[in-house]
**Student:** 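Below is the structure I would like to discuss, written out as structure tokens.
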There are 2 protein chains.
Amino acid sequence: MTWLITGGAGYIGAHVARAMTGAGERVLVLDDLSAGVPARLPADVPLVRGSSLDGGLLKRVLAEHAVTGVVHLAARKQVAESVAQPTRYYQENLGGLATLLEAVAEAGVERFLFSSSAAVYGNPDVELITEETPCAPVNPYGETKLAGEWLVRAAGQAHGISTVCLRYFNVAGAATPELADTGVFNIVPMVFDRLTRGEAPRIFGDDYPTPDGTCVRDYIHVSDLAEAHLAAARHLSGQSGDLTVNIGRGEGVSVREMVTVIGEVTGDRRPAVVEPRRPGDAPVSVASAARAAGTLGWSARRGVREMIDSAWRGWLLHHH
Amino acid sequence: MTWLITGGAGYIGAHVARAMTGAGERVLVLDDLSAGVPARLPADVPLVRGSSLDGGLLKRVLAEHAVTGVVHLAARKQVAESVAQPTRYYQENLGGLATLLEAVAEAGVERFLFSSSAAVYGNPDVELITEETPCAPVNPYGETKLAGEWLVRAAGQAHGISTVCLRYFNVAGAATPELADTGVFNIVPMVFDRLTRGEAPRIFGDDYPTPDGTCVRDYIHVSDLAEAHLAAARHLSGQSGDLTVNIGRGEGVSVREMVTVIGEVTGDRRPAVVEPRRPGDAPVSVASAARAAGTLGWSARRGVREMIDSAWRGWLLHHH
């Protein structure tokens, strides 16, 4: 097997490349470096600079490297940006996926792993989100992920490609400081950013119907997530058909709990300020992790403390 | 107002162009002529040959003709083809829509009408399908229409464009023989085609839980559908926000009833042969027509006999 990882120089992609090469898989990365960083990649992983919107390049890469499986992570992923620029998200996320799947079908590649998101569910009013929970995305980012899943399954059926869609919950942490997320769009780096600037962390709403009143999320360590990709890739090598699976810990952690652990790790324990609720935030979003355990034989092993510890070491490296 | 109708030389598009110009609206057509026929258009309607995937062309056309509203009908629309070539449907239907909406936003066009389909609903188990019935498309054609609606609404919100999505039920008939559907993908021309070749009409399944055991659909005359577009265009000129509305008669007609009327109209009354059910066919699919009446002040006026009469005159013209 030779695996092509699109977006493989990104935060998650580099962790996936590391986990797969570490387990003996042959890996190749395609990345347009709009957010990716070549230095994140293991030295023996070839990097092709380019976009999954470039059909000609994709054909050449799939043929020249005799690719037998694709892990498609390249995508735009900021919710607020997707609300402001929806056509861009449809063009890049869905257009890139369609172009890639065309090249994959033409090259006879038979295994395809798609990076999806808990955003496909929107804000369902359930305690645990299973893969059967109805999908109702509430922003263009989530819409492109749900329509992307549909396309992956349809192309799989039409062209005999085995497919897996992984629905990530809230990803945090880093395997090494060098691989840490350098953006400030997720809660952990957002709080780091405020602390670094001498500002108190913010909590948006503390009157939700949850144990401490703040929103509850399912956080997963990016190294666990990377191992889920390895398990999914191996599942694809042995099975045909399609599989859609939540990737979370199956445990909820509140925003206030996160802020408390961040205070312990950073030593900056200034109290959070409570601001009004943000429109569109679900009170609770926690994965059922049962299908991942049953089908992939995979479960998350790392806890919140390890996520924040490793993320903080990365933050200090990148923002000292 | 100047309205650009994409796909305006197609079967439905030409009826829309005719209804809008007939009511005094200024109209311009963009059509790549992959299925469209220039002779269908009224003589005073300018035709630009090109695709809604061509962003540069769209920009020029919107500017040069000072377009103030768009009626977007250009799309691939065959369910079986969408199952065989899903990436093509996503590229052309969604990619074309995204490219068009980008050009529309940039040109400051503030009114957009999107041709959607009852296919967004899939096969819901309800007597009357309202616009609140959950959407669960069962093929890539319907998926591109549902994701298309999402994109239309998101782009409307992001760029201040008023939008209407019209969910067509089963379209049949013709305003004149020249404008008739020349394809054989819908029930009426499919039966005509068999009769013309001396074969009996086919009914797929007569053991459904319906009054006569055959599937029930909501058929709408294409001239009524065209008038719904005119009503929607005028609604867009007066209102902001987004509106999604079923376009059907709100009455069910069974396949056996259709075959009987076709026998009466054509004079070829040979009995239908009953074949096994086709996978994926819903027993009943009938629109609630209430929202269209309430918001657009529009209701269908023409019945099944008129649909088949007019379709048959068109068939004789095109297939004599």
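Just so it is clear: chains get the letters A, B, ... in the order the sequence lines come, proteins before strands, and each one is counted from 1.
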**Student:** Can you tell me which portion of L146(B) sits under 4.5 Å from chain A's heavy atoms? Options are side chain, backbone, both or neither.
**Tutor:**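 Contact with chain A: side chain only.
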**Student:** So for A84(A), is it side chain, backbone, both, or neither that comes closer than 4.5 Å to the heavy atoms of chain B?
**Tutor:**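 Contact with chain B is through the backbone of A84(A) alone.
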**Student:** Within residues 62-74 of chain B, which residues come under 4.5 Å of chain A, heavy atom to heavy atom?
**Tutor:** none
**Student:** Specify the closest pair of heavy atoms between Y90(B) and A98(A), including all atoms of both residues, with the distance to one decimal.
**Tutor:** CB-CB, 4.4 Å
**Student:** Using non-hydrogen atoms and a 4.5 Å limit, figure out which bit of L94(A) sits close to chain B: side chain, backbone, both or neither.
**Tutor:** side chain
**Student:** Among V83(B), L97(B), T144(B), T99(B), single out the residue with the greatest number of heavy-atom pairs under 4.5 Å to chain A.
**Tutor:** T99(B)
**Student:** A side-chain contact here means heavy atoms from C-beta on lying under 4.5 Å apart; do L151(A) and E143(B) qualify?
**Tutor:**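 Answer no - side chains too far apart.
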**Student:** With a sphere of 6.0 Å drawn around CD of Q78(A), does it hold more than 12 non-hydrogen atoms of other residues, nucleotides or ligands?
**Tutor:** yes
**Student:** Let me know if A154(B) has heavy atoms under 4.5 Å from chain A in its side chain, its backbone, both or neither.
**Tutor:**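 Both the backbone and the side chain of A154(B) come within 4.5 Å of chain A.
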**Student:** Among residues 100-136 of chain B, which ones touch chain A with a heavy-atom distance under 4.5 Å?
**Tutor:** L101(B), E102(B)
**Student:** Flag yes if more than 12 heavy atoms outside E81(A) fall under 6.0 Å of its CD atom; otherwise flag no.
**Tutor:**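 Count over threshold, so yes.
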**Student:** What part of S82(A) is in contact with chain B, defined as an atom under 4.5 angstrom from a non-hydrogen atom: side chain, backbone, both or neither?
**Tutor:** neither
**Student:** Find out whether P86(B) and W150(A) are in side-chain contact, i.e. whether some heavy atom of one side chain is under 4.5 Å from a heavy atom of the other.
**Tutor:**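 No, side chains not in contact.
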